[in-house]
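Take a look at the structure set out below.
Predicted, not measured: the structure shown is a model, and the values here were computed from it. Scope of the values below: all heavy atoms of this structure, side chains included, with no hydrogens, waters or symmetry mates. Every chain is numbered from 1, with letters handed out A, B, ... down the list of sequences.
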Protein chains: 2
Amino acid sequence: MKRDSRLSSVLHGLLHMAANEGPTTSDALASCMGTNPVVVRRTMAGLREAGFVKAERGHSGGWSIACDLERVTLRDIHQALGEPAIFAIGNRNETPECLVEQSVNAVLDDAFEAAEALLMQRFGEVTLVALAGEFTRRLSRRRS
Amino acid sequence: MKRDSRLSSVLHGLLHMAANEGPTTSDALASCMGTNPVVVRRTMAGLREAGFVKAERGHSGGWSIACDLERVTLRDIHQALGEPAIFAIGNRNETPECLVEQSVNAVLDDAFEAAEALLMQRFGEVTLVALAGEFTRRLSRRRS
DNA sequence: ATAAATGTAATAACTGAAGTTACATGAAGC
DNA sequence: GCTTCATGTAACTTCAGTTATTACATTTAT
């Protein structure tokens, strides 16, 4: 499977948008993310619908932040993307008749649910401001 | 991406093998797992190399357990399968030049590593005997 | 010998993200 | 009004990785 990098992509885009004064075009985001402007629009669409960013059309248009960076967490962003599947591993059959397979599924699901809960908790603890702070920290470290 | 169900599949197969007296053929495993005998051989190959199962060729051959079910855990099985990727989500670029992207990656990687560590810990706590016990429990529950 | 089993290579099918092309729509500037 | 620059979106292709299938070699018991 090709790995889903939408979360990584939009976070990267958001930080660039936050750093820019006016709106940032899909083209600009695409070039700094090494992808295609159409992909940017498609991916950002979820965040737009969730109200985290806004897009202005026409001359001098583009994307800008439309939320409080202190309140929005990585978990919110993940949800806005439609909560894509986290695991590449899963059960072969979600509703098996075989009692053996049901047992295997139950044990695996327990473990996966615990791991997912932890991941979501972590995501919920990181605001976009904190993410930007991580960048600032790295920037000053490099400068010194 | 199609989800990787090899772990689920081999565990299902192992429990069936453990329940059978003699060796179990790939055909038998395949039909109870709803797949193809070639897929069974290919998937079981890792466990065979790890010494968890053995395969006998020729007449009245097939697969049988070759390990202590109390000592082998789901984690061992996952390793024997070649430690396939756990997450369907990942960074767009693993070694980015952009400091913004590096920051995003670092924060995401932290969270993913924590979730993976928890999952592996859970897997390490479940032996094949415990898995079989889960089946026995379900069986008696259904009978009552 | 024959039949029954695994071992494995080669190839196609399937799935979902990512990439691309094309065109409609809207807003600013002239 | 017209042009230009931007997003919105549909349709299609590409790509990667598991799964499925076909084919054939090899081993073992009868």
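Nearest to the side chain of B/His59, among C/dA3, C/dG19, D/dT19, sits C/dA3. If you check D/dT19, D/dT7, C/dG7 against the side chain of A/Arg92, the one that comes closest is D/dT19. In the set C/dA5, C/dA18, D/dT19, C/dA5 carries the atom at the smallest distance from any side-chain atom of B/Thr25. In this structure, of C/dA22, C/dA18, D/dG8, it is D/dG8 that holds the atom nearest to the side chain of A/Arg48. Nearest nucleotide to the B/Val38 side chain, out of D/dT26, D/dG8, C/dA9: C/dA9. Here the nucleotide nearest the side chain of B/Arg42, chosen from C/dG29, D/dA20, D/dT26, is D/dA20.
Between the CE atom of B/Met33 and the C1' atom of D/dT18 there is a distance of 14 Å, given to the nearest Å. Rounded to whole Å, atom C1' of D/dA6 lies 16 Å from atom CE of A/Met44. Per the geometry, CD1 belonging to A/Ile86 stands 14 Å off P belonging to C/dA17, to the nearest Å. To the nearest angstrom, P of D/dG8 lies 13 Å from CG of A/Asp27. Atom-to-atom, CZ of A/Phe87 to C1' of C/dT15 comes out at 20 Å; the value is rounded to the nearest Å. If you take CG of A/Asn36 and C1' of D/dC15, they are 15 Å apart, rounded to a whole angstrom. In this structure, B/Leu47 atom CG and C/dG7 atom P are separated by 12 Å, rounded to whole Å. Atoms CD1 (A/Ile89) and P (C/dT15) sit 20 Å apart, rounded to a whole Å.
Formation of a donor-acceptor pair under 3.5 Å by the A/Asp68 side chain with backbone atoms of A/Glu70 is found in this model. Not a single donor-acceptor pair under 3.5 Å links the side chain of B/Arg6 to the backbone N or O of A/Ile89.
Between B/Arg41 and the phosphate of C/dT6, there is a side-chain N or O to OP1/OP2 separation shorter than 4.0 Å. Contact between the side-chain N/O atoms of B/Ser60 and the OP1/OP2 oxygens of D/dA29 is not found at any separation under 4.0 Å. For A/Thr35, no side-chain nitrogen or oxygen approaches OP1 or OP2 of C/dA18 to under 4.0 Å.
Note: A/Leu119 CG to B/Glu113 CD = 12.0 Å, rounded to the nearest 0.5 Å.
Taking the six-membered ring where the residue is Trp, B/Phe112 and A/Phe123 present perpendicular rings, their angle passing 60° and hence far from 30°.
A/Thr25 and A/Trp63 share no donor-acceptor pair across their side chains, judged by distance under 3.5 Å alone.
As judged by a 4.0 angstrom heavy-atom cut-off over every strand, B/Arg6 is placed among residues touching the sugar-phosphate backbone only.
Between A/Arg57 and A/Ser5, the residue anchored closer to the 5' end of DNA chain C is A/Ser5, taking for each the nucleotide with the nearest heavy atom. Sequence order on DNA chain C of the closest nucleotides to A/Ser9 and B/Gly58 puts B/Gly58 first from the 5' end.
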